[in-house]
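Because the structure is predicted, anything quoted here is derived from the model rather than measured.
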Amino acid sequence: MVDPLPVVYLSHTAALRLEAARTEDEARWSAAVAREQEQAQRTSAARVALARAQEIVEEPGVSWPVPLPTAEQGAVIDLADAGDQVAELWRADPHQAVALVRELVAGGEFTAAEILDAAVDATIGAALLTLNKAGTASDPSLMAEQCLAAAPFLVLAVALASADLD
């Protein structure tokens, strides 16, 4: 018989534990984190400038049922989309995913670290959602099955976080 208490505990604490691990890593490698944040600010500014230029070119007065994202929101969406694409591709063919990262970096809008971080965030998000679902399952067997379903996402997140593209 499966004891549901550890699964429920994990589903409630996984996000906090991951955030604590990230904070610990930032403290341990503060110079690398500062360098990546500086690069991210430059590429973010470039993405926002590009999004603002696209806003100017678009037709004025066109009415949409849902407001279009701001330039800043569009820049964040573009980065998240790049991360999603890389994470999805990494599962099927890591070499193609690396090629995609290099292609996106060559465009100048993103750094490799930003793209890989976005891919890690996407896979961690999927794992946390799966663990949360496991924590609310009523059947202990289903709970265990859903908990195991989070494992591939966590493995992928580790692979992406430890990827060395050089």
> For Glu24, what residues pass the side-chain hydrogen bond (donor to acceptor under 3.5 Å, both in side chains) criterion, not counting sequence neighbours?
Replying inline: Arg28

>> Same cluster or not: Leu79 versus Val98, using hydrophobic residues (I, L, V, M, F, W, Y) connected whenever any side-chain heavy atoms lie under 4.5 Å apart?
In response: yes

>> With rounding to the nearest 0.5 angstrom, report the CH2 to CZ distance, Trp29 to Arg35.
In response: 13.0 Å

>> Can you list everything that forms a side chain to side chain contact (heavy atoms under 4.5 Å, CB included) with Gln85? Sequence neighbours excluded, please.
In response: Asp81, Leu100

>> Between Phe153 and Leu156, is there shared hydrophobic-cluster membership here, with clusters defined by ILVMFWY side-chain heavy atoms closer than 4.5 Å?
In response: no

> Which residues satisfy the side-chain hydrogen bond (donor to acceptor under 3.5 Å, both in side chains) test with Gln73, sequence neighbours excluded?
Replying inline: Thr70

>> Holding to side-chain hydrogen bond (donor to acceptor under 3.5 Å, both in side chains), I want the full list of residues that pass it with Glu38, two or more places apart in sequence or in another chain.
In response: Arg42

> Which pair of heavy atoms, one from Ala82 and one from Ile115, lies closest together, and at what distance?
Replying inline: O-CG2, 4.3 Å

Donor-acceptor list for residues 121-136 side chains, cut-off 3.5 Å, not counting sequence neighbours:
residue, atom, partner, partner atom, Å
Asp121, OD1, Arg22, NH1, 3.1
Asp121, OD1, Arg22, NH2, 2.6
Thr123, OG1, Ala119, O, 3.3
Thr123, OG1, Val120, O, 3.0
Thr130, OG1, Ala126, O, 2.8
Thr136, OG1, Lys133, O, 3.0

> Does a side-chain heavy-atom distance below 4.5 Å link Leu165 with Leu116?
Replying inline: yes

>> Quick check: do Thr111 and Glu36 have side-chain heavy atoms less than 4.5 Å from each other?
In response: no

> Listed by chain and number, what are the side chain to side chain contact (heavy atoms under 4.5 Å, CB included) partners of Leu148, not counting sequence neighbours?
Replying inline: none

> Is the backbone of Glu19 close enough, under 3.5 Å, to the side chain of Thr23 for a donor and an acceptor to pair up by distance?
Replying inline: yes

